[in-house]
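Below is one structure, written out as C-alpha cells, with a few remarks after it.
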Amino acid sequence: MNGLAISVAGAALHLLPERALWYEAERTLFVADLHWGKAAAFRAAHVPVPMGTTSRDLARLASAIAATGAERLVVLGDLLHARTGRHDETLRTIAEWREQHAVLRITLVRGNHDQHAGDPPRELGIECTDEPLVVGPFVGVHEPCTHTGGYVLCGHLHPCVTVRGRGRQSLRLPAFVFGETRGVLPAFSSFTGGGMYEMQSGDRQYAVAGDEVLPLG
C-alpha cells in the first residue's frame with residue numbers, strides 16, 4: 001500500500017495517493033468531495049467538458065478500497081454535485097460500481113452540495129446522515145470547524161499546494177492539511193478546483209504527487 005503513515009489524535013492514519021485517508025483501527029476509509037455527476041451537470045448547462053470523469057474517479061476509489069481492505073467508506077460531504085448531474089448514464093455507472101462493492105458499508109455525511117443535489121438513490125445502499133459523525137477519536141463533518149467531541153476530519157475547501165521548480169515552473173497538487181484541532185482532506189474528485197484553503201499556524205501539509213504522498217515544510 002503506497003502512501004504515508006502519520007499519527008493524529010493518538011491514532012494511526014495512512015494518507016493514500018488516491019486522495020483518501022485510511023483509519024485501520026476502524027477499517028474505515030475517509031474521502032471528501034466526490035462531486036459525482038459534476039461533468040454531467042456542466043454538459044446539461046451546455047458547457048463542453050470531457051466524458052468519463054466519474055468512471056475514472058470510481059476506479060481510483062476502487063483502488064483505495066482494494067489496497068486497504070476497507071469495510072466502511074465515509075464520505076465527508078458533497079457526494080453528488082447537483083440535481084442536474086443525476087444523469088441516467090452517470091447513475092448507472094455508479095450503480096454498477098456499487099454492485100462490485102456490495103458488502104462495503106458507505107456513509108455520507110451531508111455537505112452543502114448534498115443539500116441541493118439530494119440524497120443518492122436508495123438502491124445504492126448509502127447511509128445518509130447530518131454531521132457530526134463520530135468514528136473513534138474523530139468527528140466527521142463537511143466544513144472545517146472545531147468540535148468538543150473530538151478531532152475534526154472534514155473537506156469542503158479542496159486544499160492544494162503549489163510546488164515550484166527552476167525558472168517559472170510550478171505545479172498545483174492536491175493536499176491533506178492537519179492542524180491542532182482539524183484535518184482537511186483534498187477533494188477526491190478529479191474534476192474539482194482547489195485552493196480555497198488558507199494555511200494557519202501549526203498546519204502540516206502533505207502533497208499528493210502521483211503515487212506518493214509527501215510531507216511539506
Side-chain angles (χ1 to χ4, degrees), residues 2-9 11-23 28-36 38-39 53-54 56-57 60-61 63-64 67-68 73-82 108-115 131-133 135 137-147 150-165 169-217:
N2 293 334
L4 183 68
I6 65 171
S7 178
V8 176
L13 301 178
H14 208 93
L15 310 183
L16 303 180
E18 288 87 353
R19 307 185 197 180
L21 184 155
W22 170 233
Y23 180 27
T28 297
L29 197 66
F30 289 91
V31 293
D33 301 288
L34 277 70
H35 289 278
W36 286 343
K38 183 175 182 178
T53 54
T54 298
R56 288 191 290 272
D57 284 354
R60 181 158 41 91
L61 185 56
S63 175
T68 59
L73 174 69
V74 172
V75 180
L76 299 173
D78 292 0
L79 180 73
L80 293 168
H81 181 73
L108 166 64
V109 181
R110 296 184 182 97
N112 57 302
H113 277 265
D114 301 301
Q115 303 300 330
E131 57 187 45
L133 175 71
V135 181
F138 302 108
V139 176
V141 300
H142 179 58
E143 299 188 26
C145 65
T146 57
H147 199 284
Y151 187 93
V152 166
L153 295 177
C154 57
H156 185 60
L157 295 181
H158 311 171
C160 288
V161 296
T162 300
V163 293
R164 303 187 185 280
Q169 298 180 60
S170 65
L171 182 66
R172 287 174 64 79
L173 301 172
F176 297 86
V177 182
F178 290 88
E180 293 184 4
T181 61
R182 51 91 192 100
V184 187
L185 275 64
F188 190 86
S189 170
S190 58
F191 190 53
T192 297
M196 295 186 291
Y197 185 82
E198 295 184 4
M199 289 292 294
Q200 301 178 21
S201 176
D203 280 349
R204 293 173 290 159
Q205 302 176 83
Y206 303 89
V208 178
D211 60 358
E212 296 182 283
V213 178
L214 305 174
L216 300 177

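Checked by atom type and distance alone, the side chain of Asp57 never pairs as donor or acceptor with a backbone atom of Thr54 at under 3.5 Å. Asp114 places a side-chain N or O within donor-acceptor distance of the main-chain N or O of Leu79, the cut-off being under 3.5 Å. Without hydrogens or angle criteria, Arg204 side chain to Pro215 main chain gives no donor-acceptor distance under 3.5 Å.
Interatomic distance, CG of Asp33 versus CG of Asn112, reported as 8.0 Å (0.5 Å rounding). Rounding to the nearest 0.5 angstrom, the gap separating the CD atom in Glu143 from the CG atom in Leu76 is 12.5 Å. Here the straight-line distance linking atom CG of Leu13 with atom OH of Tyr151 works out to 9.0 Å at 0.5 Å rounding. With values rounded to the nearest 0.5 angstrom, His14 atom NE2 is found 7.0 Å from Leu4 atom CG. Interatomic distance, Leu21 CG to Leu16 CG, rounded to the nearest 0.5 Å: 7.5 Å.
Shown here are the ring-ring contact (aromatic ring centres under 6.0 Å, His included) partners of Phe138, two or more places apart in sequence or in another chain: Tyr23. Under the rule for a side-chain contact (heavy atoms from CB on, under 4.5 Å), Ala12 has no partner lying at least two apart in sequence or in another chain. Applying the side-chain contact (heavy atoms from CB on, under 4.5 Å) rule to Asn2 yields the partners Pro17, Asp211; only residues at least two apart in sequence or on another chain are considered. With sequence neighbours excluded, the residues forming a salt bridge (Lys or Arg N to Asp or Glu O under 4.0 Å) with Arg110 are Asp119, Asp130, listed by chain and number. For His147, the side-chain contact (heavy atoms from CB on, under 4.5 Å) test picks out Pro132, Val139, Val152, with sequence neighbours left out. Listed by chain and residue number, nothing satisfies the ring-ring contact (aromatic ring centres under 6.0 Å, His included) test with Phe30 (two or more places apart in sequence, or in another chain). By the side-chain hydrogen bond (donor to acceptor under 3.5 Å, both in side chains) test, Thr181 is found to be paired with no residue, residues two or more places apart in sequence or in another chain being considered. Partners of Ala209 by side-chain contact (heavy atoms from CB on, under 4.5 Å), not counting sequence neighbours, listed by chain and number: Leu173, Leu214.
Looking at His158, Gln115, His142 one by one, the single match for side-chain hydrogen bond (donor to acceptor under 3.5 Å, both in side chains) with Asp78 turns out to be His142. Between Phe176 and the options Leu185, Val184, Ile6, a side-chain contact (heavy atoms from CB on, under 4.5 Å) holds for only Leu185.
Closest approach of Gly140 to Glu131, counting heavy atoms only: O-CB, 3.9 Å. Contact between Gly155 and Ala32 at its shortest, heavy atoms only, is CA-CB, 3.8 Å. Minimum interatomic distance between His156 and Pro144 (heavy atoms only, all atoms of both residues): CB-CD, 4.3 Å. Closest heavy-atom contact between Arg60 and Phe188: NH2-O, 2.7 Å. Shown here for Ala64 and Leu29, the closest heavy-atom pair between the two residues is CB-CD2, 3.8 Å. What you find for Pro186 and Pro174 is that their closest heavy atoms are CB-CB, 3.9 Å.
You'll find the side chain of Leu34 reaches within 4.5 Å of the side chain of Leu61, heavy atoms only.
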Stepwise side chain to side chain contact (heavy atoms under 4.5 Å, CB included) check, Val8 with Leu153: CA-CA 10 Å; Val8 176; Leu153 295 177; 5.7 Å; no
